[in-house]
S.K.: 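Below: one structure in structure tokens.
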Amino acid sequence: MADIFRGQGSAIARSLALLPALLFAVCANPAAMAQLSEQPMLVVDPGMHTAPIRDVAVDAAGRLAVTGSDDKTVRVWSLADGKLLRTIRMPAGPGDIGKIYAVAMSPDGEFIAAGGWTKWTTDAREDSIYLFETRTGKMTARIPG
């Protein structure tokens, strides 16, 4: 097996030496970062938040709770048994884009509002409020700014 890779050591070393420069060029280029955020990403769902929870809200009857987190998800929970009912993934991008910092639930538990970062402009971050149907997780509206 060693004979297969004989003479390849210097080529591998050169490739590894160029890797940090390539990564820096991609990460430092805003156009490249914008392009990366448009690509689908595989995400493993552990069934819980994987970053700090920023806000919690409940319906008037105390049946449902909704949580928003830095992990760019909104989760709906049953308060009767503590089970996760739904995970809503926010439109997300690199860095902080997609983090949720505020959630609310309508008194009847039919709708969820979630506020978070939607994009970073040259001047400042842009925040939006997203409205979802609790039962389906479908986004019904986005209120920019």
Side-chain angles (χ1 to χ4, degrees), residues 1 4-5 8-9 11-145:
M1 187 74 154
I4 294 173
F5 295 107
Q8 302 283 331
I12 292 171
R14 281 193 306 268
S15 297
L16 289 175
L18 291 175
L19 186 60
L22 177 64
L23 288 174
F24 176 76
V26 168
C27 291
N29 183 346
M33 291 301 284
Q35 188 177 31
L36 287 175
S37 66
E38 294 172 1
Q39 300 300 318
M41 289 189 287
L42 178 64
V43 178
V44 177
D45 190 349
M48 63 182 181
H49 287 294
T50 57
I53 295 171
R54 296 296 177 185
D55 202 11
V56 178
V58 297
D59 67 343
R63 297 174 297 119
L64 301 172
V66 62
T67 54
S69 171
D70 283 353
D71 67 5
K72 304 177 184 183
T73 65
V74 171
R75 295 181 186 261
V76 182
W77 307 87
S78 166
L79 290 177
D81 56 12
K83 288 186 179 177
L84 176 65
L85 300 176
R86 177 162 318 285
T87 300
I88 300 170
R89 300 206 176 277
M90 303 307 296
D96 293 329
I97 298 172
K99 288 184 177 181
I100 296 300
Y101 52 79
V103 293
M105 184 175 280
S106 63
D108 61 3
E110 293 294 316
F111 295 97
I112 296 168
W117 287 20
T118 52
K119 67 180 178 181
W120 190 266
T121 64
T122 54
D123 300 329
R125 74 178 197 211
E126 182 180 303
D127 303 319
S128 291
I129 299 171
Y130 299 92
L131 301 176
F132 299 95
E133 293 178 355
T134 303
R135 188 175 45 82
T136 63
K138 178 183 173 190
M139 186 187 311
T140 59
R142 177 180 167 264
I143 304 167

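These values consider heavy atoms only, across backbone and side chains, with no hydrogens, waters or symmetry-generated copies. Throughout, numbering of the chain's residues begins at 1 and tracks the sequence.
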S.K.: If we only count heavy atoms from C-beta on, is the M90 to W117 side-chain gap below 4.5 Å?
M.R.: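 Heavy-atom side-chain distance check fails, nothing below 4.5 Å.
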S.K.: For R54 versus Y101, what's the shortest heavy-atom pair and its separation?
M.R.: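 Answer, listing the atom of R54 first, then Y101: CB-CA, 3.7 Å.
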S.K.: Say you draw a straight line from OH of Y130 to CZ of R142; how long is it, rounded to the nearest 0.5 Å?
M.R.: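 Reported to 0.5 Å precision, the distance equals 5.0 Å.
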S.K.: If you look at every heavy atom in M105 and V66, which pair is closest and at what distance?
M.R.: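 Heavy atoms only, the tightest pair is CE-CB, 3.8 Å.
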S.K.: What are the two closest heavy atoms between A65 and L79, and how far apart are they?
M.R.: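 Minimum heavy-atom contact is CB-CD2, 3.6 Å.
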S.K.: Minimum heavy-atom separation for K72 to K99, with atom names?
M.R.: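 Looking at all heavy atoms of both residues, the closest pair is CG-N, 3.8 Å.
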S.K.: How many angstroms lie between CG in L85 and CG in L64, if you round to the nearest 0.5 Å?
M.R.: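 It is 6.5 Å, given to the nearest 0.5 Å.
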S.K.: When you measure from the side chain of D70 to the backbone N and O of A51, does any donor-acceptor pair fall under 3.5 Å?
M.R.: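 No; zero donor-acceptor contacts below 3.5 Å.
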S.K.: Could you tell me which non-hydrogen atom of G68 sits nearest to which non-hydrogen atom of I100, and how far apart they are?
M.R.: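 For G68 versus I100, the nearest heavy atoms are CA-CG2, 3.7 Å.
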S.K.: Given 3.5 Å as the limit, does a donor-acceptor pair link the side chain of T73 with the main chain of R89, or not?
M.R.: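 Side chain of T73 to backbone of R89, a donor-acceptor pair under 3.5 Å: no, none is there.
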S.K.: Taking all heavy atoms of T134 and all of F111, pick out the closest pair and write down the distance.
M.R.: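 Heavy-atom minimum between the residues: OG1-N, 3.4 Å.
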S.K.: Just verifying a value: how many Å separate R75 CZ and I112 CD1, rounded to the nearest 0.5 Å?
M.R.: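 It comes to 12.5 Å.
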S.K.: Given 3.5 Å as the limit, does a donor-acceptor pair link the side chain of T140 with the main chain of L131, or not?
M.R.: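 Checking the backbone N and O of L131 against the side chain of T140, a donor-acceptor pair under 3.5 Å is found.
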